[in-house]
Amino acid sequence: NSCSSIFVKLTMLTLRKPKKIRFFALKFFLMLQRIQTVYLAIFVVLSIIVLTGISILEFEASADYVKEPIVFNICSITIDGQGTLDLPEEALAQFSNDMKTLPMSFDSATQSLTYSSSSPLMIVQILLTLFALMTIFGFKNLKRQLNLARATFFLTLLYVLGVMAMVYFALDYVNPYLDEIPLDNLIVSRKTGLGFYLVCAMLPFAYLAQMGIKRDLNLIKSLDRLR
């Protein structure tokens, strides 16, 4: 097939290079032929997409005098909040004064609420991406690559469980803080974003990658025994 012919052509090209370059190039081409490389590459792509700022979890709050819903967006790099009010003139000064004790900013001229902070999820997401890349390029030593793949899988498992717990319990955690906003009849709803499903999708690819590496290692051990 086309993939095999490309591999053969690349192999032939490397035969003209110095011995060390030939050896590394052939090992690199063999790495690309292994299915676990595909799984890890998909893992990295998903992780990078999540790092672009796709929403993982979103809160929407409505209340009296809320013109545009107050929306809090939690992604892997930031936590952002915004909304617009329509307060009567006599209540504006008191509301503006009450908001000074809260982390949200309030512009009395436009009656807009804003909030922004870095997300603790960013560190874990970057760490997982680096672990996956280290696993891909650790193909020269299968034992070390398997250890890296296992570490990537278990870290991803803990991360996914943590994100799931955050989504499940977040409303209970956030409600007391949102209740501090001096608005009557505040109603808060929760919605999972695309980022949540992308984070969950990373887990099976981490598992399949470590199984592929383990299969290769077992194959090499069985060939060594035959010798």
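No experiment lies behind these values; they were computed from the predicted model shown. Residue numbers count from 1 along this sequence.
When all heavy atoms are compared, the tightest approach of Ser119 to Cys75 is OG-O, 3.0 Å. Closest approach of Ile48 to Thr129, counting heavy atoms only: CG1-CG2, 4.4 Å. Residues Ile79 and Ser118 share a closest heavy-atom pair of CD1-O, 4.4 Å. The shortest non-hydrogen separation linking Phe196 to Ile56 is CB-O, 3.5 Å. Across all their heavy atoms, Ile213 and Ala149 have their closest contact at CD1-CB, 3.7 Å. Ala206 approaches Thr156 most closely through the heavy-atom pair CB-OG1, 4.3 Å.
Classified by interplanar angle (parallel below 30°, tilted 30° to 60°, perpendicular above 60°), the ring pair Tyr207/Phe153 is tilted.
A donor-acceptor contact closer than 3.5 angstrom is absent between the side chains of Asp107 and Ser112. In this structure, a donor-acceptor pair under 3.5 Å is present between the side chains of Asp64 and Asn185. For Tyr197 and Thr192, the side-chain atoms include at least one donor-acceptor pair closer than 3.5 Å. Asp98 and Gln94 share a donor-acceptor pair across their side chains, judged by distance under 3.5 Å alone. Using a 3.5 Å distance cut-off with no hydrogens or angles, the side chains of Gln125 and Ser47 do pair a donor with an acceptor.
Atoms CG and CG, on Leu203 and Leu155 in that order, are 11.5 Å from each other to the nearest 0.5 Å.
The number of heavy atoms from other shown groups lying within 6.0 Å of OH (Tyr65) does not exceed 12. Enclosure of atom CD in Glu58 by more than 12 non-hydrogen atoms of other residues, nucleotides or ligands within 6.0 angstrom is indicated.
At least one donor-acceptor pair closer than 3.5 Å links the side chain of Arg190 to the backbone N or O of Tyr168. Put simply, the side chain of Ser96 never gets that close to the backbone of Ala93: no donor and acceptor are under 3.5 Å apart. Remark: side-chain polar atoms of Arg150 are not paired, donor with acceptor, to backbone N or O of Gln210 under 3.5 angstrom.
Phe59 is not listed as a side-chain neighbour of Asn73, based on a closest heavy-atom distance of 4.5 Å or more.
Linking ILVMFWY side-chain heavy atoms closer than 4.5 Å, directly or via other members, places Leu161 and Val163 in a single hydrophobic cluster. Tracing side-chain contacts under 4.5 Å through hydrophobic residues (I, L, V, M, F, W, Y), one reaches Met211 starting from Leu46; they form part of the same cluster. Hydrophobic clustering, with ILVMFWY side chains joined whenever heavy atoms are under 4.5 angstrom apart, keeps Ile54 apart from Ile123. There is a path of hydrophobic side-chain contacts, each under 4.5 Å, that joins Met202 to Leu194.
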After noting the C-alpha distance and the side-chain angles of Leu208 and Gln36, does the key distance pass the side-chain contact (heavy atoms from CB on, under 4.5 Å) rule?
-> CA-CA 7 Å; Leu208 289 170; Gln36 53 264 35; over 6 Å; no

